[in-house]
Amino acid sequence: MDNIGITIFRFLILAILQVVVINNLYLGGYINPFPYILVILMLPPKFPRWALLLTGFFLGYLIDSFSGGSGLHTAACVFIAFCKPSVIRLISLPNNFDEKSEINLRTIGMENFLKYALILTLIHHLSYFFLEAFGVHEFFRTLLRVVLSTIVTIALMLAFLFFSQSHKK
């Protein structure tokens, strides 16, 4: 299977996991993990910007369509797709990527991946939860949701990566 096929497969698996399993978990109302954003995070650094934004749009729209998100997932995904190239420059990822190299634990290492994933996940969650709250009137409650959801999202993304990489061997 080529990289496009793997990306589409990952796209579908993470979207189904999000819609069927994770959206139906009740974790106290303060934890809402969104590991499906890993699709955007793993796209190659040299992925064309227009395709990155389009992928973010379609991924967010798919999640919104099946979970009644009224555009919140779409907006947050397009925003992290927009921010991704700047975050890559900010944390100085290695420049030895070709057009097909994806971002994962093997290609950039655990420390760089955690910094990269943490920044983009925080951006996603901040935009999603503050759009959902539609203001700052519940600022501290929303901030707590962002922090807790980010921690659980990162943990789920790492579990998915470890599982999928151990399957490849």
Side-chain angles (χ1 to χ4, degrees), residues 7 10-43 45 52 55-56 59-64 66-94 102-167:
T7 301
R10 187 180 299 126
F11 182 102
L12 293 173
I13 292 296
L14 286 168
I16 290 168
L17 180 70
Q18 182 71 46
V19 170
V20 174
V21 178
I22 296 173
N23 284 355
N24 292 313
L25 293 176
Y26 180 73
L27 301 171
Y30 283 93
I31 300 173
N32 301 91
F34 301 124
Y36 74 90
I37 65 172
L38 184 61
V39 171
I40 297 169
L41 273 62
M42 289 184 72
L43 290 172
L52 184 61
T55 302
L59 178 62
Y61 184 77
L62 179 69
I63 300 299
D64 277 332
F66 288 103
S67 60
S70 65
L72 296 175
H73 291 284
T74 305
C77 284
V78 169
F79 190 51
I80 64 167
F82 176 78
C83 293
K84 180 180 170 170
S86 299
V87 171
I88 289 172
R89 284 190 303 277
L90 176 73
I91 62 170
S92 307
L93 289 184
E102 65 181 22
I103 296 175
N104 60 36
L105 296 172
R106 273 184 283 126
T107 56
I108 66 171
M110 177 66 94
E111 183 180 337
N112 280 334
F113 185 83
L114 283 175
K115 286 191 287 189
Y116 167 74
L118 181 63
I119 292 168
L120 284 174
T121 303
L122 275 171
I123 290 169
H124 176 273
H125 287 26
L126 282 166
S127 60
Y128 179 88
F129 288 117
F130 278 104
L131 283 172
E132 183 183 56
F134 201 65
V136 292
H137 59 279
E138 294 184 5
F139 179 79
F140 292 107
R141 181 181 182 275
T142 303
L143 199 57
L144 179 62
R145 289 180 71 197
V146 167
V147 170
L148 294 175
S149 297
T150 297
I151 292 167
V152 175
T153 298
I154 297 278
L156 289 172
M157 287 192 296
L158 289 173
F160 181 83
L161 286 171
F162 285 129
F163 175 74
S164 64
Q165 286 183 356
S166 67
H167 247 91

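Numbering starts at 1 and runs along the sequence shown. Everything numeric here is computed off the predicted structure, so don't read it as measured data.
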### Message
Between L105 and L158, does the side-chain contact (heavy atoms from CB on, under 4.5 Å) criterion hold? Intermediate values first, please.
### Response
CA-CA 9 Å; L105 296 172; L158 289 173; 4.1 Å; yes
### Query
Could you walk me through whether M110 and F113 pass the side-chain contact (heavy atoms from CB on, under 4.5 Å) check?
CA-CA 5 Å; M110 177 66 94; F113 185 83; 5.5 Å; no
### Query
Can you check side-chain contact (heavy atoms from CB on, under 4.5 Å) on L126 and T142, steps first, answer last?
CA-CA 8 Å; L126 282 166; T142 303; over 6 Å; no
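For the pair M157 and F160, the minimum side-chain heavy-atom distance is 4.5 Å or more. For the pair V152/L156, a side-chain contact is recorded, criterion being any heavy-atom separation below 4.5 Å from C-beta on.
Taking each heavy atom of F66 and V19 in turn, the nearest pair found is CB-CG1, 3.4 Å. In plain terms, the two heavy atoms of S70 and D64 that are nearest each other are N-OD1, 4.0 Å. Pairing each heavy atom of S149 with each of N32, the nearest pair is OG-N, 2.8 Å. Here the closest heavy-atom approach between residue A81 and residue G56 is recorded as CB-CA, 4.4 Å. Across all non-hydrogen atoms, the minimal contact from I80 to I123 is CG2-CG2, 3.8 Å.
The neighbour count for Y61 OH, taken as heavy atoms of other residues, nucleotides or ligands under 6.0 Å away, does not exceed 12.
Note that CG of N104 is 10.5 Å distant from OH of Y116, once rounded to the nearest 0.5 Å. Put simply, NZ on K84 and CD1 on I103 are 4.5 Å apart, with the number rounded to the nearest 0.5 Å.
For Y30, there are no ring-ring contact (aromatic ring centres under 6.0 Å, His included) partners at least two apart in sequence or on another chain. Taking F11 as the reference, nothing meets the ring-ring contact (aromatic ring centres under 6.0 Å, His included) condition, with sequence neighbours excluded. Residues passing the side chain to side chain contact (heavy atoms under 4.5 Å, CB included) test with I16, sequence neighbours excluded: V20. Evaluation of the side chain to side chain contact (heavy atoms under 4.5 Å, CB included) rule for T150 yields L118, T121, L122, H125, V146, I154 as partners, not counting sequence neighbours.
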Donor-acceptor list for residues 33-42 side chains, cut-off 3.5 Å, not counting sequence neighbours:
residue, atom, partner, partner atom, Å
Y36, OH, H73, ND1, 2.7
Y36, OH, H124, NE2, 3.3

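Screening I88, I108, L52 for a side-chain contact (heavy atoms from CB on, under 4.5 Å) involving P45 leaves a single residue, I88.
Sequence neighbours left out, the pairs with a member in residues 134-143 that pass salt bridge (Lys or Arg N to Asp or Glu O under 4.0 Å) are E138-R141.
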